Trainee: 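Here it is, the structure in full.
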Amino acid sequence: MKVSILDDYFDTLRTLPCFGKLAGHDVEIWNDHVQDVDALTARLRDTQALVLIRERTKIQAPLIERLPKLKLISQRSVYPHIDIDACTRAGVIVSSSQHPGTPSYATAEFTWGLVLAAMRQIPQQMAALKAGLWQIGVGTTLRGKTLGIYGYGRIGSVVAGYGRAFGMNVMVWAREAARSQARADGHATAKNKAEFFEQCDVISLHMRLVEATRHIVTAADLARTKPTGLLVNTSRAPLIEPGALVNALRAGRPGMAAVDVFEDEPMRDTSHPLLNMPNVVCTPHLGYVSRDEYEIQFTDIFDQINAYADGAPINVVNPDVLKKLQPARHG
């Protein structure tokens, strides 16, 4: 099959052991990021199987309708960037492993790195040292503080465990089923959302972005946080009400933020307010970006391509397309 891979910024995939799974396919890898429909149409006109790296490129109807040879989109995890209905209409199978029981340890570890970096002002202290200054402030330790986990799923539960290892008290706010699991794991749960934002010293967001969670963190929520508090977001920017975090930081509640995700990515606007606040640590969506995590993810993604090539697609998120294709296969 003609396989195209988008957004492999550092040409990493061909160096992974799992890349050998694509032996025998005609593979083309693009290392830059393009969102323009005309440019993508030109690149993908002969593509039969399209590989996406998470949500870096949006695949919507105007593009899908111009790719008649496209038969499969293979990726991993959630897919808010793909127009599933348009794929179904066009007869394009979307295979996306939801990796049950397999958390992104890379993201969990990175989340904890941001917590430490922000609480101890590590990036700011490094920049000051390089500028000839010796110590520019006093940080805060984590032991004895309350770590708030908003969304107790695969990643949130791992981060909660890291907090416990650092001697923190863990408090969870999530759906009732998730709160029950958190209590079973020995963590405290908040009585309500207001108490959660008021009591926690560090709040880390760990929810999927779906319509029910979009803008779930409001300006009113942030106004309840401690002036010494830290909000960490390694999940998705639209979990927070637009503009609410910037305004909250300017108002002093919370006192700090550590952000790995942005409304528009790649985010190259150096004037973005979050990049210019001394109490904010910003990183360019690095949570899942590690060689080990790539190997796990792309093993699944390449297996999905081979399953399709063998006539037995797996992890299909739009099964109606299989019914649409069935007459053609019988014919």
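Values in this document were obtained by computation on a predicted structure and should not be read as measured data. Because only heavy atoms are used, hydrogens play no part in the values below, and waters and symmetry mates are left out as well, while side chains stay in.
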Trainee: Assess, by modelled atom type and distance only, whether the side chains of N315 and S96 contain a donor and an acceptor separated by less than 3.5 Å.
Mentor: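 N315 vs S96: no donor-acceptor pair found between side chains.
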
Trainee: Any chance you could pull the hydrophobic cluster mates of I122, using side-chain heavy atoms under 4.5 angstrom and chaining through other members?
Mentor: M126

Trainee: Determine whether Y79 and I73 make a side-chain contact, defined as any pair of heavy atoms from C-beta on separated by less than 4.5 Å.
Mentor: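 Counting from C-beta outward, Y79 and I73 never come under 4.5 Å.
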
Trainee: State whether the side chain of R164 and the backbone N or O of G186 hold a donor-acceptor pair below 3.5 Å, judged by distance alone.
Mentor: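 Such a contact is found between R164 side chain and G186 backbone.
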
Trainee: Quick one: does D201's side chain have a donor or acceptor within less than 3.5 Å of a partner on T146's backbone?
Mentor: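 Yes, because the side chain of D201 sits within donor-acceptor range (under 3.5 Å) of the backbone of T146.
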
Trainee: Do H81 and Q75 have a side chain donor and acceptor closer than 3.5 Å?
Mentor: yes

Trainee: Looking only at the aromatic ring of each residue, does the gap between the centers of F262 and H272 stay below 6.0 angstrom?
Mentor: yes

Trainee: Under 6.0 Å from the ring centre and within 45 degrees of the ring axis: does the NZ or CZ of R56 meet both conditions for the six-membered ring of Y9?
Mentor: yes

Trainee: So does G137 get a backbone contact from the side chain of Q125, meaning a donor-acceptor N/O pair under 3.5 Å?
Mentor: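 Flag set: sc Q125 to bb G137 pair under 3.5 Å.
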
Trainee: Give me the ring orientation class for F302 and F298: parallel if the planes are under 30° apart, tilted from 30 to 60°, perpendicular past 60°.
Mentor: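 Taking F298 first and then F302, their aromatic rings sit tilted (interplane angle of 30° to 60°).
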
Trainee: Counting N and O atoms only, with roles assigned by atom type, does the side chain of E195 sit under 3.5 Å from a partner on the main chain of K191, one being a donor and the other an acceptor?
Mentor: yes

Trainee: In a check of salt bridge (charged side-chain N to carboxylate O under 4.0 Å, His left out) between D46 and each of K71, K2, K69, which one passes?
Mentor: K69

Trainee: Taking K323's backbone N and O only, do any of them form a donor-acceptor pair with D320's side chain (distance below 3.5 Å, no angle check)?
Mentor: no

Trainee: Can you check whether L72's main-chain N or O pairs, donor with acceptor, with Q48's side chain at less than 3.5 Å?
Mentor: no

Trainee: When you measure from the side chain of N169 to the backbone N and O of R143, does any donor-acceptor pair fall under 3.5 Å?
Mentor: no

